[in-house]
Student: 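Quick one: structure below, then a few questions.
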Amino acid sequence: MALRVNDLRVHYRTLKGEVKALDGVTFEVGDGEILGLAGESGCGKTTLGKSLIRMDGRMRHAGGTAELDGAELPIGDDRAMDRFRFREVSIIPQYAMSAMNPTRKIGRMVDELLRARGAEPDGAELRRRLDLVELPHTVLERYPIELSGGMKQRMVMVISTLLDPSLLIADEITSALDVSTQKAVARTLTEFRERGFVRSMVFITHDISLTYQIADTIMVMYAGKLAEKAPADTIVTRPRHPYTRLLISSLPEVGVRYSDRRLSGIPGSPPALLDPPAGCRFRDRCPLAFDRCAEEPPAVEVAPGHHVSCWRS
Amino acid sequence: MLRLDAVTKTYRVGAFGGRTLTAVDGVSLDLVPGEVVSLIGESGSGKTTVGRMILGLTPVSGGSITLDGAPVRPGKDYYRQVQGVFQDPFSCYNPIFKVDRVLQMIREEYFPGTAGAQWEEKVAESLEAVRLAPALVLGKYPHQLSGGQLQRLLIARALLLGPRFLVADEITSMLDASTRIDVLNLLADLKSRGLGVLFVTHDLSLGNYVSERAVVLHRGRVVESGPTGLVFGNPLHPYTARLLDSVPRLTARWDGVPQEPVPDTPEPSVLVEAEPGHFVRRVPAPELRSVS
Ligand SMILES: Nc1ncnc2c1ncn2[C@@H]1O[C@H](COP(=O)(O)OP(=O)(O)OP(=O)(O)O)[C@@H](O)[C@H]1O
Ligand SMILES: Nc1ncnc2c1ncn2[C@@H]1O[C@H](COP(=O)(O)OP(=O)(O)OP(=O)(O)O)[C@@H](O)[C@H]1O
Ligand code: SF4
Ligand SMILES: [Mg+2]
Ligand SMILES: [Mg+2]
């Protein structure tokens, strides 16, 4: 197992109390596996990704463990985690480039970044990887603002995998891209895996159709918890959790006329994570809810590799 | 009506601005009340630049943009009528201000006379429209909210002004499927009440769902435009066909064949009306070429 996460809890400290953004999540990612992570906005996907690499000052590791290639990650210990970053686990954050220094040319930024990690910049390798993502070498001479969203995203992909990490977390990296660039970027990710630039991957996206294209396994989260995890085909064709089913049925398709027909979202909204209610967190919105749902449903393996947290599954 | 007439944008790039890059090249399009036009195109094709020019955030290098026939003059008056929501929600917020501040600024600028209770009601209404619970977002700093929450807050902010036209640049890119449908249905409602929307998206299935017309950009130029049903149902330009081909579907995985780049339409090319209302960029037939 590349990554083994056990009952991980990560909360945000706020003046009003703790926001339980990640509230006891257990899962594994195998060697060479691409795990697609999906779920409603605010369900804790970014929080999960960040906990495995760098928690911000307001995050608190409230319990549970994460093990990478057999070594326990010192989650929450910023200094101790430094040893793992970039080399063992790397992240492409949600809107990575907007956080980058606009006054530095990209080439210089890469250089500084590598030196800060004690690595010698290898120009030839860098250019090889730019070729692979179809970026002209001249991007190194440009400033971030001069690149379009898709170019930036590919640049960040190259930067964050330069030291061949074991685990890559890609957080919504294709959500701002057009379909053909999206396809190219998604394929590059699998290519990165095939070439050994990264071993395994957590691919975070709200776009299930896209995840389905590249992920081996899909995990769906809801309000800080795991709702369902299964091989990609199973999630798409035989989902068991009511939330997953509704999510999949709210996807519009091309080639369908919607002139007088409307799709509908899932009525209601997820519970506040400051003080989440007991029981199943989907209960308020679930068309199948019954008495038992006042109690929290455990994640059960209903078939090999298919985990569902629902009393009805 | 908001009209773009042969709008062009060039940037100086490279060391000392030694080269020019034509990001938008002679784009013409009309946005009328009560209609959603989707603007589709690959990364770098100039979509955001078009939107930024409409909002006066960057000057045009050629051509003109007019609102009801008058040249656009960015300022309070204009922004009451035309609003934009841009792609990257994180960079739209000042990290040291609470998010209420972006709403408060709207109040100070545009609604100085509105009483407290009335204002709060207005805010609550627009948050409701994007399915955000006020308690969840008000009083928070930007870093305390998720990407999708920030994105919805920006939409709510634009709606507060009750604009006639909205430039929506990838506004649903970070929303999950169910919230996304709600936002699209919201646009459809506003549309039926007269809002004109330029819906910039990379997601063809969303464009297909909400828009009446579609405009496809490739390297800054319009390569195809027309009623959405025709453009998506009967794509005439190879680039449009490629985009439709790349749409990830739940029914099939992509095949292993690598994509060849779509060649530029050879010059001289013009937009030709191939069927009523449906335009495609083509090299004109010889007898036409002598005319243009
Ligand atoms: N610093 C913070 N303080 C308090 N709450 C926070 C903070 N950061 C995030 N949250 C809350 O934690 C929850 C999970 O946020 P997270 O960013 O992980 O969501 P997400 O699943 O990545 O959503 P999205 O798809 O919109 O990016 C959200 O409800 C968010 O409001
Ligand atoms: N401030 C700038 N200076 C120089 N070049 C720029 C600037 N802004 C954009 N460009 C260039 O203009 C072209 C169009 O960029 P634009 O951001 O409009 O594309 P886009 O269609 O919105 O792409 P995406 O889908 O990736 O957001 C790109 O080649 C980009 O590199
Ligand atoms: S446990 Fe109950 S409320 Fe929760 S998803 Fe299953 S049926 Fe619905
Ligand atoms: Mg996120
Ligand atoms: Mg853009």
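Chain letters run A, B, ... following the sequence lines, proteins first, then strands; residues in each count from 1.
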Student: Identify the two heavy atoms, one from B:Trp254 and one from A:Ala186, that lie closest to each other, and give their separation to 0.1 Å.
Tutor: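 Result for this residue pair: CZ3-CB, 4.0 Å.
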
Student: Let's test your reading of the structure: which of B:Glu42, B:Lys140, B:Arg253 forms the most heavy-atom pairs below 4.5 Å with chain A?
Tutor: B:Arg253

Student: When rounded to the nearest 0.5 angstrom, what is the spacing between CG in A:Asp207 and CG in B:Asp203?
Tutor: 6.5 Å

Student: With a 4.5 angstrom heavy-atom cut-off, is it the side chain or the backbone of B:Ala133 that approaches chain A, or both, or neither?
Tutor: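 Contact with chain A: none, neither part.
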
Student: With no hydrogens and no angle check, is any side-chain donor or acceptor of A:Gln213 less than 3.5 Å from a backbone partner on B:Leu250?
Tutor: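 Checking the backbone N and O of B:Leu250 against the side chain of A:Gln213, no donor-acceptor pair under 3.5 Å is found.
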
Student: Quick check for you: among A:Thr138, A:Leu247, A:Leu273, A:Asp233, which has the greatest number of heavy-atom pairs under 4.5 Å with chain B?
Tutor: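 Looking at each of A:Thr138, A:Leu247, A:Leu273, A:Asp233 in turn, A:Asp233 comes out on top.
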
Student: Between A:Tyr212 and chain B, which part of the residue has a heavy atom less than 4.5 Å away: side chain, backbone, both or neither?
Tutor: both

Student: Check each of A:Leu210, A:Ile208, A:Thr211 against B:Pro248 using the side-chain contact (heavy atoms from CB on, under 4.5 Å) test, and report the only one that passes.
Tutor: A:Leu210

Student: So which residue, B:His143, B:Lys47, B:Glu212, B:Gln144, ends up with the most heavy-atom pairs under 4.5 Å with chain A?
Tutor: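 Result: the option with the highest number of such pairs is B:His143.
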
Student: Go through B:Val247, B:Leu206, B:Asn185 and name the one with the most non-hydrogen pairs under 4.5 angstrom from chain A.
Tutor: B:Asn185

Student: Step through the shown structure and confirm whether more than 12 heavy atoms of other residues, nucleotides or ligands are within 6.0 Å of CD on B:Glu128.
Tutor: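 It does not: B:Glu128 CD has 12 such atoms or fewer within range.
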
Student: Please classify the contact of B:Leu243 with chain A as side chain, backbone, both or neither, using a heavy-atom distance under 4.5 Å.
Tutor: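 Its backbone and side chain both get close to chain A.
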
Student: A:Lys183 and B:Asp245: which non-hydrogen atoms are nearest, and at how many Å?
Tutor: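 Here A:Lys183 and B:Asp245 meet closest at NZ-O, 4.3 Å.
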
Student: Please report the shortest heavy-atom distance between B:Arg152 and A:Ser41, naming the atom on each side.
Tutor: NH2-OG, 3.2 Å

Student: Please indicate whether A:Arg58 has more than 12 foreign heavy atoms, meaning atoms of other residues, nucleotides or ligands, lying under 6.0 Å from its CZ.
Tutor: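 Not buried by this count: 12 neighbours or fewer within 6.0 Å.
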
Student: Checking B:Ile40 against chain A: side chain, backbone, both or neither under 4.5 Å from a heavy atom?
Tutor: neither

